[in-house]
Amino acid sequence: MYYIKIILVFFFLLVLQNGRVHAQFGISHEIGVFGGPANFLTDYGERWNLQANVANAGLGVGLLHFMNLAYCNECNYQRTDSWLASHLRLRNELTWLRSNLEHYGPVASKNSIGGKLLRAMHGKTNVLEVGTLLEYHPLRIRDFTNFGYWFSPYIGLGAHFVTYKPDAYSDLGSLENPKNVFPAFVGGINLERGTTYSIVGVMGARYRLGWRHDLMFEGRWHYYGNDWVDGLNHDVVANKFNDVVFWIGVGYVYYINF
């Protein structure tokens with residue numbers, strides 16, 4: 001219910017913004033959906049361990065909204081021919097990520113007390129993000145939309161507001177009992193709902209499906225402003241980074257007022 005309320009507020013503001021901005025400035029709008037596997041690089045498992053990176057993959061989905069001046073019939077042509085209008089898109093988005101998390105790696109695989117403690121611990125996290133990115137398209141957007149190219153690559157950078165809710169348990173008993181927790185995590189578990197920010201980088205390409213339709217392929221990188229997104233934060237030498245997510249996926253874009 002918490003996440004549904006945020007999604008409804010996002011759509012209400014988006015519809016309100018579309019009506020006002022389009023009426024005043026003639027900005028073109030596109031909407032889209034995006035989804036794919038998301039790899040969580042967190043304190044579960046060793047960061048650069050292949051098994052941990054692959055096995056701790058979850059799911060990410062997103063609702064997208066794009067604005068630009070490149071092809072709107074109501075925009076004046078002097079602005080349409082400018083470099084900014086020809087190569088930049090502003091993207092607003094709402095994304096949701098979820099993953100089950102397990103400890104993998106050399107330490108967790110050992111038949112030792114530490115290994116048993118790690119293997120007995122299981123976690124998950126839900127992450128909801130809303131924010132804005134600026135996309136750069138090397139090829140002219142207007143040429144692409146007029147079928148001058150079938151593919152249009154792009155890169156983008158932006159920031160998100162993030163709310164997250166981690167959870168965890170141990171097969172051995174309560175995590176409040178230090179005997180059931182791997183020593184490095186004692187005092188470093190917080191399963192409360194929290195907020196932070198993320199820096200988001202994207203790289204992808206669009207494929208022209210039709211007059212109002214694009215297919216998009218994209219890889220994404222999210223770097224979070226704290227290390228509590230997975231509910232763990234241990235003060236050891238190996239824990240040098242905040243939580244990170246890499247995810248790739250496919251999306252569909254519809255041109256509203258082409």
Side-chain angles (χ1 to χ4, degrees), residues 1-3 35-62 95-129 160-202 219-249:
M1 181 61 68
Y2 175 80
Y3 293 121
N39 292 86
F40 283 72
L41 279 65
T42 70
D43 297 307
Y44 281 85
E46 296 188 14
R47 182 173 294 269
W48 307 118
N49 181 271
L50 180 61
Q51 183 183 11
N53 294 340
V54 172
N56 282 331
L59 175 67
V61 295
T95 63
W96 174 73
L97 302 114
R98 184 188 187 281
S99 180
N100 293 323
L101 302 169
E102 303 286 345
H103 288 287
Y104 297 100
V107 178
S109 63
K110 291 181 179 179
N111 189 25
S112 61
I113 295 178
K116 293 178 180 178
L117 290 171
L118 289 175
R119 291 193 300 273
M121 186 177 185
H122 315 280
K124 65 180 180 180
T125 189
N126 285 274
V127 185
L128 187 68
E129 308 185 28
H160 283 177
F161 170 78
V162 179
T163 177
Y164 56 89
K165 179 60 176 76
D167 197 9
Y169 70 94
S170 173
D171 297 331
L172 302 177
S174 172
L175 291 174
E176 296 182 359
N177 184 346
K179 294 182 179 180
N180 298 329
V181 180
F182 188 73
F185 296 134
V186 174
I189 300 176
N190 184 352
L191 304 180
E192 297 296 322
R193 187 185 306 277
T195 60
T196 184
Y197 66 89
S198 66
I199 303 299
V200 181
V202 302
R220 304 170 59 96
W221 169 84
H222 296 221
Y223 181 84
Y224 295 102
N226 68 33
D227 197 27
W228 290 107
V229 175
D230 63 346
L232 302 180
N233 185 2
H234 54 100
D235 187 18
V236 297
V237 177
N239 186 30
K240 300 178 181 179
F241 307 98
N242 291 348
D243 294 326
V244 175
V245 167
F246 289 100
W247 56 307
I248 58 175

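What you see is a predicted model, and the numbers here were worked out from it, not measured in a lab.
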Which residues share a side-chain contact (heavy atoms from CB on, under 4.5 Å) with [X], sequence neighbours left out:
| X | answer |
| --- | --- |
| V107 | E46, L118, F182 |
| S99 | F40, L101 |
| L172 | L117, A120, S170, N180 |

Please find the pair of heavy atoms, one from [X] and one from [Y], that lie closest to each other, and give the distance.
| X | Y | result |
| --- | --- | --- |
| L128 | W96 | CD1-CB, 4.0 Å |
| Y104 | A55 | CE1-CB, 3.4 Å |
| G188 | W228 | O-CZ3, 3.4 Å |
| V181 | L175 | CG2-O, 3.3 Å |
| W221 | V244 | NE1-CG1, 3.7 Å |
| Y44 | A168 | OH-CB, 3.5 Å |

Item to complete: Apply the side chain to side chain donor-acceptor pair (under 3.5 Å) test between Y164 and each candidate in N126, D230, N226; give the one that qualifies.
Response: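 The residue from N126, D230, N226 that satisfies side chain to side chain donor-acceptor pair (under 3.5 Å) with Y164 turns out to be N226.
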Can you tell me how far the [atom1] atom of [X] sits from the [atom2] atom of [Y], to the nearest 0.5 Å?
| X | Y | atom1 | atom2 | result |
| --- | --- | --- | --- | --- |
| D167 | E192 | CG | CD | 10.5 Å |
| M121 | L232 | CE | CG | 4.5 Å |
| D243 | D227 | CG | CG | 4.5 Å |
| N39 | R220 | CG | CZ | 14.0 Å |
| F246 | Y223 | CZ | OH | 11.0 Å |
| Y169 | S174 | OH | OG | 14.0 Å |

Worksheet item: Just wondering, more than 12 heavy atoms not from I248 lying within 6.0 Å of its CD1?
Response: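 No, CD1 of I248 has 12 or fewer neighbouring heavy atoms, counting only those of other groups under 6.0 Å.
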Fill in: Within 6.0 Å of CD1 in I113, more than 12 heavy atoms from elsewhere
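It does not: I113 CD1 has 12 such atoms or fewer within range.
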Worksheet item: For N56, which residues count as a side-chain hydrogen bond (donor to acceptor under 3.5 Å, both in side chains) partner, sequence neighbours excluded?
Response: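 For N56, no residue satisfies side-chain hydrogen bond (donor to acceptor under 3.5 Å, both in side chains) once neighbours in sequence are set aside.
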Worksheet entry | Donor-acceptor contact present, side-chain T125 to main-chain V229, <3.5 Å |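 Answer holds: yes.
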Practice prompt. Could you pull out all residues at least two apart from H160 that satisfy ring pair (Phe, Tyr, Trp, His ring centres under 6.0 Å)?
Written response: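 In terms of ring pair (Phe, Tyr, Trp, His ring centres under 6.0 Å), with neighbours along the sequence ignored, H160 is linked to H222.
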Fill in: Derivation and outcome, side chain to side chain contact (heavy atoms under 4.5 Å, CB included), residues E129 and V162
CA-CA 4 Å; E129 308 185 28; V162 179; 3.7 Å; yes
Worksheet item: What pairs meet the side chain to side chain donor-acceptor pair (under 3.5 Å) rule with one or both residues in residues 109-124, with sequence neighbours excluded?
Response: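 Sorted result for residues 109-124: E102-H122, H122-D171.
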Item to complete: Decide side chain to side chain contact (heavy atoms under 4.5 Å, CB included) for V127 and Y224; before the verdict, give the C-alpha distance in whole Å, the side-chain angles of both, and the deciding distance to 0.1 Å.
Response: CA-CA 11 Å; V127 185; Y224 295 102; 3.9 Å; yes
